[in-house]
Visitor: 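If you scroll down you'll find the structure; I have some questions about it.
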Number of protein chains: 2
Amino acid sequence: MPEQAGATGHRPAPVHTHPDDVPLLTALAALADPVRMHLICTLAKHPDWTLSCSNFDVSVGRAAKSHHFSVLRDAGLVEQRDQGTKRLNRLRREEFDARFPGLLALALRAA
Amino acid sequence: MPEQAGATGHRPAPVHTHPDDVPLLTALAALADPVRMHLICTLAKHPDWTLSCSNFDVSVGRAAKSHHFSVLRDAGLVEQRDQGTKRLNRLRREEFDARFPGLLALALRAA
DNA sequence: AGCAATGTAAGATGAGGATCGAACATTCAG
DNA sequence: CTGAATGTTCGATCCTCATCTTACATTGCT
């Protein structure tokens, strides 16, 4: 059977939403969850691109964790990059802060 | 039949939670709703104690509106006072801002 | 007293979302 | 090539919550 032309074998890169395109309610809803807040706090304590998804210690299974990262991407809070079998993460501090000044700092401080 | 001693005939005063006692997630969840955000925005545009619940123009029935005000009280965002058959409202700007500095201003600006 | 207005309480309903288990794809190591 | 590790996707389940309808309480007006 013919193979697809241009098939690279790469898995699809994660879909991101820029903070500038995120509605306020979407950002608030993303932050209003204990698991996601824990992910963000952990992410804030480590350098960019040093944590893969499996490194986060939360009390939910892989599927739920994957779901939460998807929500965080859609809210413009997290950026992801594939490296090997792992998916590395980065908190979009500056970009998100430009869209919602002070919100992320407030959440990290009050959490 | 004996009447209750001390019965004043007043209806129970609304129960409030001070912003200092409000968890971050509670505040964020309260703000992450379009109806409640609309209530807060409307409240922010009028002087304190000038709007009764029925003055807010939202697309839900009385019962749902009452529920939303209850959520806002629990989140330390709104204070209420009874006057006649009406229940007057006030946005707890300063108190809430002391607990979550900048959050309310951000929400009002971005909404 | 009778009535309209305002708001709350209780029960039912429906939608959204958080979770899990299982199956699958991709990548790397051996 | 085989296997292990990492994430995603799908279907099912469960629970929370927003909403409505109805009933009720309080207040003020006539």
Side-chain angles (χ1 to χ4, degrees), chain A residues 3-4 7-16 23 25-40 43 49-75 78-90, chain B residues 3-4 7-16 23 25-40 43 49-75 78-90:
Chain A
E3 293 178 5
Q4 290 178 256
T8 63
H10 289 355
R11 53 177 158 172
V15 178
H16 291 98
L25 291 182
T26 302
L28 293 175
L31 293 171
D33 177 277
V35 174
R36 287 192 289 267
M37 191 62 80
H38 186 263
L39 293 178
I40 291 176
L43 211 41
W49 311 122
T50 56
L51 290 181
S52 72
C53 297
S54 62
N55 290 134
F56 294 81
D57 182 25
V58 289
S59 55
V60 299
R62 283 155 274 134
K65 203 190 285 188
S66 179
H67 162 69
H68 285 300
F69 274 109
S70 172
V71 173
L72 292 177
R73 281 198 312 268
D74 291 347
V78 166
E79 187 181 357
Q80 295 184 310
R81 165 202 300 177
D82 286 340
Q83 177 172 306
T85 77
K86 310 205 170 186
R87 180 159 283 190
L88 303 182
N89 297 275
R90 166 190 165 252
Chain B
E3 293 178 4
Q4 289 179 256
T8 63
H10 289 354
R11 55 178 156 168
V15 177
H16 291 98
L25 291 182
T26 301
L28 292 175
L31 293 171
D33 177 278
V35 174
R36 287 193 288 268
M37 192 62 81
H38 185 262
L39 293 178
I40 291 176
L43 211 41
W49 310 121
T50 57
L51 290 181
S52 71
C53 298
S54 62
N55 290 133
F56 294 81
D57 182 26
V58 288
S59 55
V60 299
R62 282 156 269 133
K65 204 191 285 188
S66 179
H67 162 69
H68 285 300
F69 274 109
S70 171
V71 173
L72 292 177
R73 281 198 310 271
D74 291 347
V78 166
E79 187 181 357
Q80 294 184 311
R81 165 202 300 176
D82 286 340
Q83 178 171 306
T85 78
K86 310 204 170 187
R87 181 158 283 191
L88 303 182
N89 298 273
R90 166 189 166 254

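Protein chains get the first letters and strands the later ones, always in sequence-line order, with residue 1 at the start of each.
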Visitor: Dump the intermediate steps for side-chain contact (heavy atoms from CB on, under 4.5 Å) on B/Cys53 and B/Arg87, then the final yes or no.
Guide: CA-CA 6 Å; B/Cys53 298; B/Arg87 181 158 283 191; 4.2 Å; yes
Visitor: For A/Ile40 and A/Leu31: C-alpha separation, side-chain torsions, deciding distance, then whether side-chain contact (heavy atoms from CB on, under 4.5 Å) applies.
Guide: CA-CA 9 Å; A/Ile40 291 176; A/Leu31 293 171; 3.6 Å; yes
Visitor: Go through it in stages, so that I can follow the logic: the residues are A/Leu51 and A/Leu88, the test is side-chain contact (heavy atoms from CB on, under 4.5 Å), and I'd like the CA-CA distance, side-chain angles, deciding distance and then a yes or no.
Guide: CA-CA 6 Å; A/Leu51 290 181; A/Leu88 303 182; over 6 Å; no
Visitor: What is the distance from CZ of B/Arg81 to P of D/dT26, rounded to the nearest Å?
Guide: 21 Å
Visitor: Would you classify B/Asp33 as touching base, sugar-phosphate or nothing, given that sugar-phosphate means primed atoms plus P, OP1 and OP2, and contacts are heavy atoms under 4.0 Å?
Guide: sugar-phosphate
Visitor: Please report, rounded to the nearest Å, how far the P atom of C/dA18 is from the CG atom of A/Asp74.
Guide: 12 Å
Visitor: Quickly work out the B/Leu39 CG to D/dA18 P distance and round it to whole Å.
Guide: 12 Å
Visitor: At what distance, to the nearest 0.5 angstrom, does CZ of B/Arg90 lie from OG1 of B/Thr50?
Guide: 12.5 Å
Visitor: Going by distance alone, is a donor N or O of one side chain under 3.5 Å from an acceptor N or O of the other, for B/Arg36 and B/His68?
Guide: yes
Visitor: Please say which of A/Gln80, A/Glu79, A/His16 ends up in a side-chain hydrogen bond (donor to acceptor under 3.5 Å, both in side chains) with A/Arg73.
Guide: A/Gln80
Visitor: For the pair made of CG in A/Leu25 and C1' in D/dC17, what is the distance, rounded to whole Å?
Guide: 16 Å
Visitor: Is there a side-chain contact between A/His10 and the phosphate of C/dA25, meaning an N or O under 4.0 Å from OP1 or OP2?
Guide: no
Visitor: In terms of the nearest nucleotide of DNA chain C, which residue is placed more toward the 5' end: A/Gln83 or A/Arg36?
Guide: A/Arg36
Visitor: How does each nucleotide of nucleotides 3-8 of chain C score, in 5' to 3' order, for protein heavy atoms under 4.0 Å: base (B), sugar-phosphate only (S), or none (-)?
Guide: ---SSB
